[in-house]
Asker: 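Got a structure for you, written out below as structure tokens; questions coming shortly.
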Amino acid sequence: MADENQRSQTGPLKTVTVLGIEVVIYALFLALLLMPGGEILIVEVLLLLAALFYLRRNPALRTQIQELFAANARAAWIGGIAMMLLVPFFVASSPYWLFIIIIAGLFLVACLGLNLQLGSTGMVNLAPAAFYAVGAYTAGLLALGWGLPAWITLPAGAIMAGLFSAFLFIPVLKTTGHYLALVTLAFQFMVTILLDNMEWTGGPQGLKNIPLFSIAGYSFNTDINLGFIVLPAYANFYYLMLLIVAAVGIASLRIYNSWVGVTLSTIRDDEIAAQTFGVQVNRWKLIIFSLGNCFIGLAGAFYSHLVGFISPPNFAFDKSLVMVSVVILGGMDNVFGVVLGSLLLIILPEKLRVVQEYRFLIYGVVLIVMLIFRPRGLLPFKPRDFSDLVEAAKRKRAIPAGSEAAEGRA
Amino acid sequence: MENNRIFWTKDLSISFGGLVAVDHVNIDIARGEVLGLIGPNGSGKTTIFNIITGIYTPTDGDFFFEGESLLGKPPYEIARKGIARTFQISRLCLDLSVLDNVFIGMHYRQKHWLIDAVFRRDLLAREVSEARDRAFSLLSVFNKELVGLAGVPVGALPQIDRRRVEICRAMAMEPRLLLLDEPSAGMTLEEMTELMEDIRKVQEESKEISIIIVEHDMTVIRSISDRVVALNYGRKIAEGTCEEVSHNTEVREAYLGKRGIKI
Amino acid sequence: MTFLDMLLQQSINGLMLGIMYSLVAVGFTLYFGVLDVINFAHGDFFMLGSFMALVLYSIAEAAGWAGNTFLVVIYLFIGSMILTGVVGVATERLCVKPVSKAPMLISLLVTLGLGIAIREAVRILYPRGSDPKGFPTLLPQGAFNLGSIVIRYENLIIFGLGIVVIIVVNFLINRTKMGSAIRAVAQDGEAAMMMGVDLDRTIDITFLIGSAVAAVAGIMNGFYYGKTMFNIGAMMGVIGFSAAVIGGLGNIYGAIVGGILFGLLETFAAAVLPYGAENKRVFAFLIVILFLVFRPTGILGEKVYERV
Amino acid sequence: MTETLLTLDDVTTVYDHIEMLRHVNVQVEKGKVVCLLGPNGAGKSTLIKAILGLVKIVNGTITFNGEDITGEKTHKIIRKGIAIVPEGKRIFPKMTTVENLRMGAFIEQDEQVIEERMEKVFQLFPRLKERAHQIAGTMSGGEQSMLSIGRGLMSSPQLMIFDEPSLGLAPILVEQNFETIQKINEEGTTIFLVEQNASLTLEIASYGYVLQKGKVVAEGTAEQLMQSEVIQSAYLES
């Protein structure tokens, strides 16, 4: 029965359908970026709502689409990746939007780190922007002071943010819930105040003229001339960002789909039960807290090279709030939810510049409404499915024996 | 008996802010034995479980498992020694699938770690598929249908199946001492009978396992326990076979009231 | 000025600030007691109170009866308390109560979102709302000397007013029927319902009192610094929450003690520590974190056992 | 000719998708002591919460004094003349004895009436008078139990519900409590006594129900129940 389903979902026509759906979404996304004015936003939001409503009323269609994508996962991934690679070509004419997309990518990386803490393990961290700052200032100071290249400053930023986590190790273990929220909040404010007051971080003026990336003599500040098209210099950053997003994203997905993921979920849902099943809760909490902050720090380091100028307001509490909102709105402990969340919360507000005055108000109201009516986010946590792994293991075993595969066909 | 005992407590006591919840309790259990722990509400049964699993630290006394004192050990270490438990109010992770919940019982047997999770998927695949086979065989001891529901969130299951998953999760640890805290709570009589069958099956599966079961329902206790200990106000008031304990005057007073019932 | 004088002078300044913080902290503690919610928007009610006073003042000016400063001050306080209180109850009904049973993270974020919404609403609705707004000087200026310590009349009035509000709140909570309902709900909501307490109304009243008191603090802050701004709420929220936690969350006296302690901490850090003036809050927050680690139940809180 | 004060008609409740009570029928007659027996976990507390409107009732009706109170808000139900002495006492731990008692009379406006009732409670429990201004959380278990009963009396209710008054108390105190309950009943208050302790309960009750796994498995007069096998089997199954 399942086999039959599988077969009916594959085939060239189905693959084309999958790619078609992706292309439509992609086109809508590009249209949103490139079409001037706010009307397109309204149209697309209405379209999205209508689609969501329709899918909600027709769960059969929804599962059909899900199965379709699951059956054609390879094609879907290839299509998706190709489209991602092509983004700079389509938005070549407006580098501003390419910049915004890079920023969204950085938020995605940071929020994947935050998601490990908040979504997967249930550790409240209201200070991601503070760790973002640690990464950014580390990279900035290293590059300015010692002229270190990007391939050192990026990991250095990540590692430094991980090391800074140690300041909160004891509070993270000793407090939970509201109290942990207060600890991290206090830390957030401490970091912003200190950045403002310390001389070696540049005080309120921050750090200026942080060198842009330059790898093996190739400066990221050069336009990419392909002959038929000239991609703006941001395209360099875009591809590097894509690489980092891919690495962090795959790591996140793999952690989620593993024993570690199961362990973290159990810690999140019930620490006491986890302990009685042999889970060393404290150790895992510290590891995940540090690892999450490494991701956040990495994004921060990238940011400082991207913009070349950082100052304390870039890392204030409202940035933390945005990051936390990305995770909650997208869907806790769901990597794709975080992707959706950062696209919506970073790119849409830029489009909302049309209604500049009201965009934060709208943001606040949307946040409240979402949390009251859909507290689990747009893409809620879904039970893990290990069947891929089991299949893989079976195939491996089946190769020498060959019997199991035959059995499966019968 | 003395040589065969796997677990015993010595004057176990705990008090919370002046209130003595467990008062110099001595219990022991032999390998392969099923010990029933009865007593009215608030007599300290669950508290004893919480002490044994390391959630509470006793204010006085000691407890031993396989000859070794577990006093002051953290819960995860006690679990690794081979003591598993279920909870009175089920503490399953309701959002997680049945399989994930059982997997956590196998947690500490997995060699797999964070780095492997990211870079060594083949190792993970092997472990997962072995673990899944084991989980399926555990689940099918209880209810064949549960295997088909392995990917379903536990929250979507009926009470009795949740209870079964919880016992499976505990069994997945391959414990030598299993603590069951009011497994029949919130079930109908019919479900309870099924569950008793299940617990008997657990025993048949691994003869070596010792079980301490907290219950208020004497039907359950009678049908599965070899020996019964009765508690009241945190003290042990009786010990013996089910028959002996249920005819003990102090027990009857604790349950039925001081003047007792004319039979 | 001797060291002792400096200590005294700083103590007076610290008490002044502390009273203001206490008033904010009382709200946190009340909400946490009755609804188990930390309302991060509370700092924005503090800000809202000051803006309400500005609006009321401009109305008075326009109507031409801003002459009698004494009456105007009373009118500002009472009017702002009522308006802020009403907004407080309305937002509680709309946003806070629906999530009071949800996981703590959700309620926390809803109130953070509410804070943003209030802040932005003020910025947009108030003319040129992004700029700092000057506060009218209505309180008597000048100062007198007590030995070598200088005491400003304005500060004395603000301090006195803070004490009066605390006494009134204390009276409301401890001496009235409504107050006993609030306390009962805070200790055991279900048992309070079993006594015939109307839970919903009690929660409404709690938010009314909490936001009105925050409004008082907001106006005091305005008079003290001579200005207010739409974004002062976030920091005040964290300070108020910190003060409530230092004192022991859920305990009204704790909130008062915590607020004063936080005020003293800040002023002494500013006066004594190197680079203290800029980093006083860093120091204060550090103490808060240490408090949370070593005495999470605060000064006046009691130990609770988790039931397993 | 007796009059029924409280009726539960075919009541089913659901909590977290689990049916806690299944088609329960219970009647409490005016002026009597009616009891509900059952081991813990049988659903006794849920039944009380159902009466007080604290759990969702999916089927059936509850009537008090001929008035349908199903789905009514708790504070309104209380105001109709029901008082409860909850399980585990549930006194307000940070309030003094007097404050706790005043909470019991929360629905009463007349200050003089409150004073009179408090005097009465102090007569019944002289011990509480000695502790009038002590913080309730610091009092002994027995004193807290007296306070909880006294608090229930403060609203001068028509019906008083006792939820496991024997729980966690020494036997001597349990007997004292039961004597008090009897005294309260003799002064005209209807009692609905929910208990685990069967024999003591049946000594003062005139009619009783036995609840097991959310169902009423037996009912009858105290004498009938006392002799029935159900009571025996529900607890010890001899």
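By convention in this document, chain letters (A, B, ...) are assigned in the order of the sequence lines, proteins followed by strands, and residues within each chain are numbered from 1. Since we're looking at a predicted model, the values are computed, not measured. Only this structure's heavy atoms are used, side chains among them; waters, hydrogens and symmetry mates stay out.
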Asker: Out of D/K76, D/R79, D/R151, return the one with the most heavy atom pairs under 4.5 angstrom to chain C.
Answerer: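 Going by pairs under 4.5 Å, I would pick D/R151.
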Asker: Heavy-atom distances under 4.5 Å only: say whether C/A192 touches chain D with side chain, backbone, both or neither.
Answerer: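 The answer is both parts of C/A192.
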Asker: Verify side-chain contact (heavy atoms from CB on, under 4.5 Å) between C/R183 and D/E99, making sure each step is shown before the conclusion.
Answerer: CA-CA 10 Å; C/R183 278 185 302 145; D/E99 284 176 310; 2.9 Å; yes
Asker: Tell me, side chain or backbone of D/E87 under 4.5 Å from chain C's heavy atoms, or both, or neither?
Answerer: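 Neither the backbone nor the side chain of D/E87 comes within 4.5 Å of chain C.
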Asker: Give me the atom names and distance for the closest heavy-atom approach of D/F92 to C/A184.
Answerer: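 Nearest pair, atom of D/F92 first, then C/A184: CE2-O, 3.5 Å.
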Asker: Report which part of D/K73 has an atom under 4.5 Å of a heavy atom belonging to chain C: side chain, backbone, both, or neither.
Answerer: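 For D/K73, side-chain heavy atoms alone lie under 4.5 Å from chain C.
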Asker: Enter the distance from C/M194:CE to D/T74:OG1 here, rounded to the nearest 0.5 Å.
Answerer: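 Here the rounded value is 8.0 Å.
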Asker: To the nearest 0.5 Å, how far apart are CE in D/M103 and NZ in C/K177?
Answerer: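 Rounded to the nearest 0.5 Å, the CE-NZ separation comes to 8.5 Å.
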Asker: Of the backbone (N, CA, C, O) and the side chain (C-beta and beyond), which part of D/R90 lies under 4.5 Å from a heavy atom of chain C, both, or neither?
Answerer: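 Its backbone and side chain both get close to chain C.
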Asker: If I take atom CD1 from residue D/I84 and atom CE from residue C/M193, how far apart are they, to the nearest 0.5 angstrom?
Answerer: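 Taking CD1 in D/I84 and CE in C/M193, the distance rounds to 12.0 Å.
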Asker: Take atom NZ of D/K80 as the centre, draw a 6.0 Å sphere, and report whether it contains more than 12 heavy atoms from other residues, nucleotides or ligands.
Answerer: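 More than 12 heavy atoms, drawn from other residues, nucleotides or ligands, come within 6.0 Å of this atom.
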Asker: Can you see which heavy atom on C/M195 is nearest to which on D/I107, and at what distance?
Answerer: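 What the structure gives for the nearest pair is O-CG2, 3.9 Å.
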Asker: If I take atom CE from residue D/M95 and atom CG from residue C/D188, how far apart are they, to the nearest 0.5 angstrom?
Answerer: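 It is 10.0 Å, given to the nearest 0.5 Å.
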Asker: Picking from D/G53, D/P93, D/A105, which has the most non-hydrogen pairs under 4.5 angstrom with chain C?
Answerer: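 Greatest number of close heavy-atom pairs with chain C: D/P93.
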Asker: Can you tell me which portion of D/A83 sits under 4.5 Å from chain C's heavy atoms? Options are side chain, backbone, both or neither.
Answerer: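 Neither part.
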Asker: Hey, mind stepping through C/E190 and D/L52 against side-chain contact (heavy atoms from CB on, under 4.5 Å) and telling me if it holds?
Answerer: CA-CA 10 Å; C/E190 207 171 80; D/L52 296 178; over 6 Å; no
Asker: So with a 6.0 Å cut-off around CD1 of C/I78, is the heavy-atom count from everything else above 12?
Answerer: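 Open.
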